[in-house]
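Working notes for the structure below.
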Protein chains: 2
Amino acid sequence: MRLSKRGEYGLRAMIVLAEPVEKNTMPVVQIKEIAQREQISPKFLEQILLSLKNAGMLHSKMGVGGGYYLARSPSEITLGQIFRVLDGPVAPIKCVSQMSYEPCGCPDEQTCGLRLVMGDVRNAIADILDNTSLADVTRRQISVRKKLGIE
Amino acid sequence: MRLSKRGEYGLRAMIVLAEPVEKNTMPVVQIKEIAQREQISPKFLEQILLSLKNAGMLHSKMGVGGGYYLARSPSEITLGQIFRVLDGPVAPIKCVSQMSYEPCGCPDEQTCGLRLVMGDVRNAIADILDNTSLADVTRRQISVRKKLGIE
DNA sequence: ATAAAGTCTATAGTACTAGTATACTTTTAG
DNA sequence: CTAAAAGTATACTAGTACTATAGACTTTAT
C-alpha cells in the first residue's frame, strides 16, 4: 500500500508551490530551489513537474527568472488529483476503482468478500485525498507550527 | 496505492479457508481446490500459503487427504494481519508506519504537511483492515447474497 | 508401496522505480 | 544580439520487485 517516490516528491513539490500563493508573494519557484529544500534529485523532479504541467496542474515560465507555479488556486487543487496523475488510481485493487475500473479474476464480483472490504478502503483513502486541498495542507502546517511554538 | 497479487491471492485464500469453519464442515482444504476456485496459479499459491503458515496463521496436514486450515478461529484473524505478512506495512510512507517506522527525507518531520495527511491515510486503512476479521468478511458475503436473493 | 499432498529452494522473465544523460528551446539581462 | 538561466523532451540504465515456474524432497493414508 505504498506511495511511490514519484508521488511523494510530486506531492511535496506541490505543497511547496502552494506556500508563496498563500503568503501572497511571487508564486514562481525554480526546480532547483524545491529540490534543495526537499532533498530531491533536480533532474528527477524535473520529470515529475513536467508530468504535472502536462496534466494542467502547473504552469511554467521559461528563461531567466522562470520557474513553476500553480495553475489554479491551492484551494482548488486536491491531493487526490496530484496523486492520480503521478501514481494512478487510488484503489488498492482494480475492480473497486471508480476512475479506472477493470475486472479482477474473482468468480463472482458482486459477492466477492475481498472486493467489499477493498471498496471500503478505496473510499476511505479517496475521502481523505479528494477532500484535502493544498490550501488545507498549508493551513495545517501552520497550525502545527503554532502549537509547537516554533518559527 | 496498490495491493500486490501476492496479497490479493493470500487474502482470497484465507477467506476461502474461513468458510468451512463457519459452516462447521471439515476445515482442511487443498491448494488445488482454492487455486481452481479463485483462478490462481497453484504453484504461486503454494508459496503464499507457506508464508502464511510460517507466520503462524495456517496449519497444514501432509499426505493423502491433507491440505491447509486456519490456525485460529476466523474471528481472531484480521485482514490487517494477513496483509502485513504478505505485503508489509500498511502505511503509504515509511515515516508514518506504526509497525515499521523509518524516517523519510523531509526537512522537518513534525511539521511536514505530507506526513500529516499520510498519517491520516494510514490510520484510515489500518482502521478497516485491523477491525475486519475473516468472520466479518464471511458474514458480509452471506448478507450480500441474501440481499441479491441468489443462491 | 504408491500416490496424494505439502515443503523448500532456486531461478527466470517482465515490469516498474528511481534516477542520469543529453540535446534542445525559450527568455531575459546586459 | 548574445550569453546564461531556465524549462522541454526523450532516451537510457541499473537495480529491484513482482509474478510466477520448476524440480527435488518429505510426509501420510490406504
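Protein chains get the first letters and strands the later ones, always in sequence-line order, with residue 1 at the start of each.
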When you measure from every atom of DNA chain C, which of residues 79-98 of chain B have a heavy atom less than 4.0 Å away? none
Strand contacts (DNA chain C) in residues 7-18 of chain B, 4.0 angstrom heavy-atom criterion: none
For [X] and [N], what is the distance between atoms [atom1] and [atom2] respectively, to the nearest whole Å?
X: E33(A); N: dA6(D); atom1: CD; atom2: C1'; result: 14 Å
X: R6(B); N: dT19(D); atom1: CZ; atom2: P; result: 10 Å
X: I48(B); N: dC18(D); atom1: CD1; atom2: C1'; result: 11 Å
X: L49(A); N: dG7(D); atom1: CG; atom2: P; result: 9 Å
X: Q30(A); N: dA4(D); atom1: CD; atom2: P; result: 17 Å

Toward the 5' end of DNA chain C, by each residue's nearest nucleotide, S41(A) or S60(B): S60(B)
Nearest-nucleotide 5' precedence on DNA chain C, N54(B) against K32(B): K32(B)
Side chains of [X] and [Y] in contact at under 4.5 Å (non-hydrogen atoms):
X: L11(A); Y: M118(B); value: yes
X: L134(B); Y: I82(B); value: yes
X: R12(B); Y: I15(B); value: no

Counting any heavy atom closer than 4.0 Å, what does I31(A) reach on the DNA or RNA strands: base, sugar-phosphate only, or nothing? sugar-phosphate
Linked, directly or transitively: L114(A) and V85(B) (ILVMFWY side chains, under 4.5 Å): yes
Residues forming a side-chain hydrogen bond (donor to acceptor under 3.5 Å, both in side chains) with T111(B), sequence neighbours excluded: D108(B)
Please enumerate all residues that pass side-chain hydrogen bond (donor to acceptor under 3.5 Å, both in side chains) together with S51(A), with sequence neighbours excluded. R6(A)
Please name all residues satisfying salt bridge (charged side-chain N to carboxylate O under 4.0 Å, His left out) with D87(B), sequence neighbours left out, ordered by chain then number. none
Can you pull the side-chain hydrogen bond (donor to acceptor under 3.5 Å, both in side chains) pairs that have at least one residue in residues 27-38 of chain B, sequence neighbours excluded? E19(B)-R37(B)
Any side-chain hydrogen bond (donor to acceptor under 3.5 Å, both in side chains) involving residues 121-131 of chain B? Give me the pairs, sequence neighbours left out, ordered by first then second residue. R84(B)-D130(B)
Using a 4.0 Å heavy-atom cut-off, write out nucleotides 22-30 of chain D from 5' to 3' as B (base contacted by protein), S (sugar-phosphate only) or - (no contact). BB--BBBS-
Please report the closest heavy-atom contact between V29(B) and P20(B), naming both atoms and the distance. CG2-CG, 4.1 Å
Return the minimal non-hydrogen interatomic distance between L148(A) and Q110(B), and the atom names on each side. CD1-OE1, 3.8 Å
For E109(B), does the CD atom sit with more than 12 other heavy atoms under 6.0 Å from it, leaving out its own atoms? yes
Got a sec, which pairs hit ring-ring contact (aromatic ring centres under 6.0 Å, His included) with one end in residues 34-58 of chain A, sequence neighbours left out? Y9(A)-F44(A)
Provide the full list of ring-ring contact (aromatic ring centres under 6.0 Å, His included) pairs with a residue in residues 67-89 of chain A, sequence neighbours left out, each pair given once. H59(A)-Y69(A)
Residue closer to the 5' end of DNA chain D, Y68(A) versus L3(B) (nearest nucleotide): Y68(A)
If you measure from CD1 on I48(A) to CG on L86(A), what distance do you get to the nearest 0.5 Å? 7.0 Å
Nucleotide range of DNA chain C lying under 4.0 Å from chain A heavy atoms: dA18(C) to dT28(C)
Between R72(A) (side chain only) and I77(A) (backbone N and O only), is there a donor and an acceptor less than 3.5 Å apart? no
What does the inter-axis angle of the helix from dA1(C)-dT30(D) to dG30(C)-dC1(D) come out as, five pairs per end, nearest 10 degrees? 10°
